[in-house]
J.: 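Handing you a structure now.
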Amino acid sequence: MRDEPNDLPRAEALLDWYDRHARALPWRVSPRDRAQGILPDPYRVWLSEIMLQQTTVAAVRDYFHAFTTRWPTIAALAAAPDEEVMAAWAGLGYYARARNLQKCARAVVADHGGVFPDDHATLLTLPGVGPYTAAALSAIAFDAPETVVDGNVERVMARIFDDHTPLPAAKPVLTAYAARLTPQERPGCYAQAVMDLGATICTPRRPACGLCPWRGACAAWTNGTAAELPKKAPKKRKPTRLGIAYLARRVDGAWLLERRPDKGLLGGMLGWPGSVWSEEPPAEDPPIRAEWKTLNEEARHTFTHFHLRLTVRTALVPMERTPGRGEFIESPEFRPADLPTVMRKAFDLAHGGRSAPVAGSGKP
DNA sequence: CACCCGTGGGA
DNA sequence: TTCCCAAGGGT
């Protein structure tokens with residue numbers, strides 16, 4: 001860290017800015033309404049926070065609307081079949097979130113009478129709720145003065161204090177800075193305000209320092225280092241893995257699909273039976289005996305830590321033939337939108353053209 | 001602590 | 001094309 005600002009930034013200055021510039025979001029209660037003592041439904045706050053983990057507001061919007069329309073309460077969500085929740089989450093990514101969403105909903109119903117706990121320590125015990133989400137729920141849904149630290153807050157703190165320690169090593173220090181600035185008053189608005197500041201003004205690239213209410217107290221602004229912060233540890237480059245997907249269609253139109261195991265990549269999601277994905281050319285492993293044809297184009301997809309090139313093979317199989325693995329799903333019940341994106345890409349290639357989103361599914 | 005876990009949009 | 005990034009959590 002270099003020169004710390006002489007004066008700490010004041011929460012009041014940020015709250016004034018937030019009162020004027022708060023974004024209206026479907027899971028949010030406006031600052032004006034919060035001033036009247038109105039707090040948001042903890043269920044909606046929780047759902048939005050889980051969806052927003054490592055995910056943009058733009059990507060979350062439609063999913064949030066679809067979920068809250070279909071499952072308006074945590075009891076409704078807890079009662080929903082796993083497959084329906086996984087299908088509704090399809091395309092949003094990080095599918096462990098959806099599995100933990102169900103676990104958490106059921107835990108709240110079973111262990112807390114269907115009422116979201118308002119205690120920070122208890123929140124931390126819930127599946128899928130870590131330090132960030134527990135603090136966000138405490139602050140936003142219950143107006144408790146907890147310190148939220150997400151990627152936005154890390155960036156804002158690194159700049160305010162001009163801290164050049166690379167992430168993730170810097171996280172504890174940045175958390176301590178954030179705690180120093182957290183006010184006792186209006187903690188819910190403050191939590192959303194810091195994150196909004198990071199999302200709209202103190203952005204990763206080309207921060208709009210000229211518009212920042214905390215500019216006067218920002219060491220990085222003084223030193224001209226804002227744009228290069230926060231520092232990050234160098235990333236590894238992604239290897240490319242190869243695989244084969246087998247898209248079998250029965251003569252009656254049913255598709256052969258397979259539920260993936262709960263653990264690991266795309267856990268719990270529906271997908272095409274296929275080979276293992278590795279950097280070596282895959283061994284053939286068809287799920288059913290058939291005359292397989294290979295598509296000219298392969299499906300390409302990038303996951304968190306590798307690129308995938310997926311060879312797509314298709315076949316038409318007679319009614320009486322039984323698969324070695326997977327299960328035929330009748331055509332009317334099969335919705336491509338229920339598949340994770342990589343599987344939908346394979347389907348689109350086989351089917352010719354992008355599959356249409358299902359009406360009312362809320363998917364892009 | 002290091003690694004695993006998706007996706008789409010923008011530079 | 002390629003890289004980076006987004007309201008992290010679990011193991």
Side-chain angles (χ1 to χ4, degrees), chain A residues 23 25-28 44-64 86 89-101 103-104 123-137 139-141 146-156 166-172 175 178 188 191-200 202-207 227 230 232-241 260-269 271 277 300-308 339-345 354 363-364:
Chain A
R23 293 180 292 171
L25 297 170
W27 45 86
R28 191 176 268 188
R44 293 168 65 88
V45 177
W46 164 71
L47 180 61
S48 71
E49 290 299 342
I50 302 298
M51 288 184 166
L52 286 163
Q53 287 169 5
Q54 301 291 283
T55 309
T56 57
V57 167
V60 162
R61 269 208 162 83
D62 290 346
Y63 284 88
F64 180 82
M86 298 311 288
W89 196 275
L92 198 53
Y94 285 135
Y95 297 99
R97 293 184 297 172
R99 300 194 302 273
N100 285 330
L101 194 76
K103 286 185 195 164
C104 182
L123 288 168
L124 264 179
T125 67
L126 297 172
V129 176
Y132 163 75
T133 306
L137 269 166
I140 297 171
E146 297 289 339
T147 301
V148 298
V149 183
D150 70 337
N152 288 308
V153 177
E154 289 175 0
R155 183 171 60 256
V156 170
L167 286 167
K171 172 121 184 172
T175 300
Q192 294 171 90
V194 203
M195 293 191 282
D196 268 22
L197 185 73
T200 63
C202 196
T203 50
R205 286 175 291 236
R206 301 185 41 150
K232 295 195 173 179
K235 315 212 159 153
K236 297 177 179 176
R237 65 175 291 276
K238 297 175 181 184
T240 297
R241 295 187 190 172
R260 300 172 65 89
D262 268 351
K263 307 246 174 196
L265 190 68
L266 308 179
M269 298 300 290
W277 298 343
R300 289 173 176 252
H301 191 73
T302 298
F303 292 99
T304 314
H305 53 292
F306 65 93
H307 303 288
L308 178 66
L339 299 177
T341 301
V342 62
M343 300 296 176
R344 208 202 63 223
K345 282 183 182 175
R354 187 194 156 106
K363 281 170 201 154

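The figures here come from the full heavy-atom set of this structure, side chains too, leaving out hydrogens, waters and symmetry mates. Lettering of chains follows the sequences in order, A, B, ..., and the numbering in each one begins at 1.
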J.: Starting at atom CD of A:Q54, determine the distance to atom P of C:dG8, rounded to an integer number of angstrom.
T.: 5 Å
J.: Grab the CG-C1' distance between A:L167 and C:dG8 for me, whole Å please.
T.: 13 Å
J.: Not counting sequence neighbours, which residues clear side-chain contact (heavy atoms from CB on, under 4.5 Å) with A:A170? List them please.
T.: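 Residues passing side-chain contact (heavy atoms from CB on, under 4.5 Å) with A:A170: A:T165, A:L167, A:L174.
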J.: Distances under 3.5 Å between protein N/O atoms and the N/O atoms of nucleotides 9-11 of chain C, please, pair by pair.
T.:
{"unit_1": "C:dG9", "atom_1": "OP1", "unit_2": "A:G130", "atom_2": "N", "d": "2.9"}
{"unit_1": "C:dG9", "atom_1": "OP1", "unit_2": "A:G130", "atom_2": "O", "d": "3.4"}
{"unit_1": "C:dG9", "atom_1": "OP1", "unit_2": "A:T133", "atom_2": "N", "d": "2.9"}
{"unit_1": "C:dG9", "atom_1": "OP1", "unit_2": "A:T133", "atom_2": "OG1", "d": "2.6"}
{"unit_1": "C:dG9", "atom_1": "OP2", "unit_2": "A:Y132", "atom_2": "N", "d": "3.2"}
{"unit_1": "C:dG10", "atom_1": "OP1", "unit_2": "A:G128", "atom_2": "N", "d": "2.6"}

J.: Looking at residues at least two apart in the chain, or sitting in another chain, which of them share a side-chain hydrogen bond (donor to acceptor under 3.5 Å, both in side chains) with A:E146?
T.: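 With neighbours one apart ignored, the set is empty.
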J.: Measure from CZ on A:R61 to P on B:dT7 and round the result to the nearest Å.
T.: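 It is 22 Å, rounded to the nearest whole Å.
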J.: Rounded to the nearest Å, what distance is computed from the NZ atom of residue A:K235 to the C1' atom of nucleotide C:dC5?
T.: 7 Å
J.: What is the distance, rounded to the nearest whole Å, between atom NZ of A:K232 and atom P of C:dG8?
T.: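 In whole Å, C:dG8 P and A:K232 NZ are 10 Å from each other.
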J.: Applying a 4.0 Å non-hydrogen cut-off, can you work out what A:L25 is touching in the nucleic acid: base, sugar-phosphate, or nothing?
T.: base
J.: Nearest whole Å is fine: how far is B:dG6 P from A:L308 CG?
T.: 13 Å
J.: Given the rule that a pair is Watson-Crick or G-U wobble with both distances under 3.5 Å, how would you write DNA chain B in dot-bracket, using | for pairs to a different strand?
T.: .||||.|||||
J.: In whole angstrom, give me the gap between the P atoms of B:dG6 and C:dT11.
T.: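 The answer is 14 Å between these two P atoms.
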J.: Under the rule for salt bridge (Lys or Arg N to Asp or Glu O under 4.0 Å), what residues qualify as partners of A:K238, not counting sequence neighbours?
T.: none
J.: Between A:Y63 (OH) and B:dG6 (C1'), how many Å, whole number?
T.: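 Value for this atom pair: 10 Å.
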J.: Between A:Q53 and A:R97, is a side-chain hydrogen bond (donor to acceptor under 3.5 Å, both in side chains) present by the stated rule, with each step listed?
T.: CA-CA 9 Å; A:Q53 287 169 5; A:R97 293 184 297 172; 5.0 Å; no
J.: Nearest heavy atom decides the nucleotide; on that basis, is A:F303 or A:R205 closer to the 5' end of DNA chain B?
T.: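 Whichever sits nearer the 5' end wins; that is A:F303.
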J.: Rounded to whole Å, please give me the gap between OH in A:Y95 and C1' in B:dC4.
T.: 16 Å
J.: Quick one: are the ring centres of A:F303 and A:H301 less than 6.0 Å apart?
T.: yes
J.: What pairs of donor and acceptor atoms, side-chain ones from residues 124-132 of chain A against any protein atom, are under 3.5 angstrom apart with sequence neighbours left out?
T.:
{"unit_1": "A:T125", "atom_1": "OG1", "unit_2": "A:T122", "atom_2": "O", "d": "2.6"}
{"unit_1": "A:Y132", "atom_1": "OH", "unit_2": "A:E49", "atom_2": "OE1", "d": "2.7"}

J.: Nearest of C:dA6, B:dG6, B:dT7 to any side-chain atom of A:T341?
T.: B:dT7
